[in-house]
Amino acid sequence: MKRITIDPITRLEGHGRIEIFLDDAGAVQNCYFQIPELRGFEKFCEGRPAEEVPQIVSRICGV
Amino acid sequence: MSKLKLASYWAAACGGCDVAILDINEKIVDVANVADIVFWPIAVDFKYSDVEAYADGYIDVCLFHGAIRNSEGEHIAKLLRQKSKVMVAFGSCAVAGGIPGLANFKRREDIFERVYIESNSTQNPERVFPQTKFAVPEGELELPEFYKDVKCLADVVDVDYFMPGCPPTADQIWAVVQVIASGALPPKGAFVGCSNKTMCDECKRVKTEKKVKKFYRPYEIMIDSEKCLLEQGLTCMGPVTRAGCGNQCTSANLPCRGCYGPVDGVIDQGAKYISALASIVDADTPEEADRIISQIVDPAGTFYRYGLPGSLLRRAK
């Protein structure tokens, strides 16, 4: 089985990788999209003052 | 003279640094006159395999954004270090951890629990978490290891220059590009694209005697747009923050949050700020000082907003 890896996915904000598996005839057998990234804003915003959160979460995506 | 070979990469970042580079607007054409881009995921389609194929030192300058959050960030940092003559920690995340560095106030398992179990949009009764290796019918998939701690770029590779800011301003980026293109490189380890003065030194607000009886949250007062924010009882980090941003936040009535980090010679911005606060609290007794200081909400998360991983604390216990 042949494997094609597209790493990284480009021209977007963030990190992504695509793994494509081909059968012997060259047809796509299966395909996996992976996001090899996590920062954890959901957690580290906890405990921060509410008025500070807009400045923090604007760093989720600066694009 | 042959063109400079330029790379730009993001690890744990938001892309704001990349956009800041594009914010030099039409000057990007001038950059193209002096430099060829050989890797820049946000803008051009080079793969990691292309970088692996470059000879060591092939890249003249690598602008590395983002903190080191996982094993992929560290791996690519080491790869780019090997392939680059000059490595620049570009932006607050690469320099000191930045906003992603706030994760060092939390534990890895608690972050996973919040993100993959508790978040409102998630249903995960089988408690599936990311695995570094995962078998699928067609083969094995891999994900990077999510580290226990967020690290700075200099924690994993040798860094030549540091360019702080969240993000660095377009003017400063352009100035630094010109210096690099001229070949007149500053001494190794230098902070570039910024000043060694403090934000306070460059702030135009009127400063008188700093004496604070009460600290406020911004919504509790009508902020005087002419007067020093700290003197109004707002926790402005200006006294302990490196200048270079052009006072953008304070000009908008927002207290400085310290994204440019401390000036040369100061190893811990938060500790320096605590020292600064101690000198302005207007208390007659220790009890009154305690009462005034306790009005500050989330002091650790405020004083180490952009630099916990690069501080002496590095993380919360």
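Residue numbering restarts at 1 for every chain, and letters A, B, ... go by the order of the sequence lines. Note that the structure is predicted; figures quoted are calculated from it, not measured.
Scanning residues 66-80 of chain B against chain A with a 4.5 Å heavy-atom cutoff picks out B:Arg69, B:Asn70, B:Glu72, ordered by number. For residues 51-63 of chain A, heavy-atom neighbours of chain B at less than 4.5 Å comprise A:Glu51, A:Glu52, A:Gln55, A:Ile56, A:Arg59, A:Ile60, A:Cys61, A:Gly62, A:Val63, sorted by residue number.
With a threshold of 4.5 angstrom between heavy atoms, B:Tyr219 approaches chain A through side-chain atoms but not through N, CA, C or O. With a 4.5 Å cut-off on non-hydrogen atoms, B:Tyr116 touches chain A through its side chain but not through its backbone. Neither the backbone nor the side chain of B:Arg108 comes within less than 4.5 Å of any heavy atom in chain A. For a residue to count as touching a neighbouring chain, one of its non-hydrogen atoms must lie under 4.5 Å from one of that chain's; by this rule B:Cys166 touches chain A with backbone and side chain alike. Contact of B:Ala43 with chain A is made through the backbone alone, with heavy-atom distances under 4.5 Å. The contact between B:Val44 and chain A is made entirely by backbone atoms, counting heavy-atom distances below 4.5 Å. Proximity to chain B is limited to the side chain of A:Glu19, based on heavy atoms less than 4.5 angstrom apart. When heavy atoms are compared at a cutoff of 4.5 Å, B:Ala20 does not approach chain A at all. Proximity to chain B (any heavy atom under 4.5 Å) is restricted, for A:Leu12, to the backbone atoms N, CA, C and O. Contact annotation for B:Phe112: only side-chain heavy atoms (C-beta onward) come within less than 4.5 Å of a heavy atom of chain A.
Ion pair B:Asp50/B:Lys47 not flagged as a salt bridge, since none of the NZ, NE, NH1 or NH2 atoms sits closer than 4.0 Å to an Asp/Glu carboxylate oxygen. Salt bridge status for B:Glu52 with B:Lys83: absent, with no side-chain N to carboxylate O gap under 4.0 Å.
Annotation: the span from B:Ile59 atom CD1 to B:Leu6 atom CG amounts to 9.0 Å, rounded to 0.5 Å.
No other option in A:Pro49, A:Gly40, A:Gly47 has as many heavy-atom pairs under 4.5 Å with chain B as A:Pro49. The greatest number of non-hydrogen atom pairs below 4.5 Å with chain B, out of A:Met1, A:Arg3, A:His15, is found for A:His15.
Using the six-membered ring where Trp is involved, B:Tyr9 and B:Phe39 have ring planes that are parallel, under 30° apart on the 30 and 60° scheme.
For B:Lys151 and B:Tyr147, the positive end sits near the middle of the six-membered ring, less than 6.0 Å away and at most 45° from its axis.
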